Trainee: 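A single structure is presented below for examination.
Bear in mind the structure is a predicted one, so any value in this text is a computation, not a measurement.
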Amino acid sequence: MEGQILTKGKASTVEKEQAGSFAAGMNFYKLFWVFFVGCFLGVLVETLWCLVTKHHFESRQGLIYGPFNLVYGFGTFLLTISLSWLTKKGDVWVFLGGILIGDAFEYFCSFLQEAMFGTVSWQYDHLPLSINGRITLKYSVFWGLLALVWMKFLYPILSKWIEKIPSHIGKPLTWVLLVFMILNTVISGLAVTRMTQRHDGIPAQSQIAVFLDEHYPDELMHRVYPNMMYVDP
């Protein structure tokens with residue numbers, strides 16, 4: 001009798017777990033999907049913007065494999081966790097918070113890229129009210145507007161969609177995509193590092209460098225990263 005009760009108790013617990021969402025609230029799974037979708041949506045928006053303003057297609061991806069960019073992914077992640085509590089205080093606060101978070105993050109990304117690879121992917125020296133060419137008023141306003149659209153409209157919709165994914169699909173898929181993004185990031189970072197070394201005239205001195213030269217030559221790298229510029233030492 002006691003065994004049957006325990007068995008029923010375990011069964012009911014499992015049923016409750018299966019009935020509930022694997023990404024309820026703002027847990028690890030939810031935030032990963034926010035990051036992943038942000039990586040893709042950012043590239044999509046930037047690509048469309050380039051088509052409208054420059055009238056040609058131009059790669060905006062930040063990773064070698066797939067239409068993904070970590071800057072947009074982490075930016076979306078930061079906006080979500082930093083501004084969720086401000087949505088109840090009004091649109092002005094979300095807008096200002098978006099400017100603050102966006103500018104700080106954009107400046108950090110530009111500084112980090114230059115420090116690690118000796119390159120930058122954007123330069124705003126020619127625009128008014130820029131700081132070290134890394135951030136400028138024009139794109140500060142864009143960050144604020146983006147934060148408003150994301151927190152007020154897109155994120156609530158995306159959150160509901162994510163929570164509708166069955167747990168037995170959502171959990172393993174999350175881990176598969178996480179491993180893919182990590183490997184993609186590592187190989188992209190190595191390829192960019194080796195590209196910088198070639199630019200500086202450093203020959204391949206290891207099997208890894210030879211592999212990178214063969215599979216990720218400058219022609220490919222410039223096609224993937226057309227806006228990447230070397231910074232004079």
Trainee: Are side-chain heavy atoms of Ile187 and Asn184 found at a separation under 4.5 Å?
Mentor: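 With C-beta onward as the side chain, the pair touches.
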
Trainee: Tell me if a side-chain donor or acceptor on Thr76 pairs with a main-chain N or O of Tyr72 at a distance below 3.5 Å.
Mentor: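 Yes, the answer is positive, given that a donor and an acceptor are paired below the 3.5 Å cut-off.
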
Trainee: Rounded to the nearest 0.5 Å, what's the gap from CH2 on Trp122 to CG on Asn227? Could you check?
Mentor: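 Trp122 CH2 to Asn227 CG: 10.5 Å, rounded to 0.5 Å.
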
Trainee: Out of the candidates Phe32, Trp175, Tyr29, only one should pair with Phe22 under the ring-ring contact (aromatic ring centres under 6.0 Å, His included) rule; please name it.
Mentor: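 Going through Phe32, Trp175, Tyr29 one by one, the ring-ring contact (aromatic ring centres under 6.0 Å, His included) with Phe22 is satisfied by Tyr29 alone.
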
Trainee: For a 4.5 angstrom cut-off between non-hydrogen side-chain atoms, does Ile101 reach Trp143?
Mentor: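 A side-chain contact is absent here, since even the closest heavy-atom pair is not under 4.5 Å.
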
Trainee: Where does the angle between the aromatic ring planes of Phe36 and Phe68 fall among parallel (under 30°), tilted (30 to 60°) and perpendicular (over 60°)?
Mentor: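 It falls in the tilted class, 30° to 60°.
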
Trainee: Do the side-chain N and O atoms of Asn132 and Tyr107 include a donor-acceptor pair separated by under 3.5 angstrom?
Mentor: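 A donor-acceptor contact under 3.5 Å links the two side chains.
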
Trainee: Taking Val34 as the starting point, is it possible to reach Phe105 by hopping between hydrophobic residues whose side chains are less than 4.5 Å apart?
Mentor: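 They do share one cluster, since a chain of ILVMFWY contacts under 4.5 Å joins Phe105 to Val34.
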
Trainee: Describe, in one word, how the ring planes of Phe142 and Trp49 are oriented to each other, choosing from parallel (under 30°), tilted (30 to 60°) and perpendicular (over 60°).
Mentor: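 The rings of Phe142 and Trp49 stand perpendicular, inter-plane angle above 60°.
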
Trainee: Identify, with sequence neighbours excluded, every residue that meets side-chain contact (heavy atoms from CB on, under 4.5 Å) alongside Ser206.
Mentor: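 Ile208, Ala209.
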
Trainee: Do Leu146 and Phe35 belong to the same hydrophobic cluster, where Ile, Leu, Val, Met, Phe, Trp and Tyr are linked whenever their side-chain heavy atoms lie under 4.5 Å apart, directly or via other members?
Mentor: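 Shared cluster, yes.
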
Trainee: Do the non-hydrogen side-chain atoms of Leu83 and Thr87 ever get within less than 4.5 Å of each other?
Mentor: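 No, every pair of side-chain atoms sits at 4.5 Å or beyond.
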
Trainee: Applying the 4.5 Å side-chain criterion to the ILVMFWY set and letting contacts propagate, would Ile135 and Leu137 be lumped into a single cluster?
Mentor: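 They do not share one cluster, since no chain of ILVMFWY contacts under 4.5 Å joins Ile135 to Leu137.
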
Trainee: Contact between Asp103 and Arg134 at the side-chain level, heavy atoms closer than 4.5 Å - yes or no?
Mentor: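 Counting from C-beta outward, Asp103 and Arg134 never come under 4.5 Å.
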
Trainee: Using the ring of each side chain (for Trp, its six-membered ring), is Tyr124 parallel, tilted or perpendicular to Tyr139, with breaks at 30° and 60°?
Mentor: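 Parallel, since the angle between the ring planes stays under 30°.
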
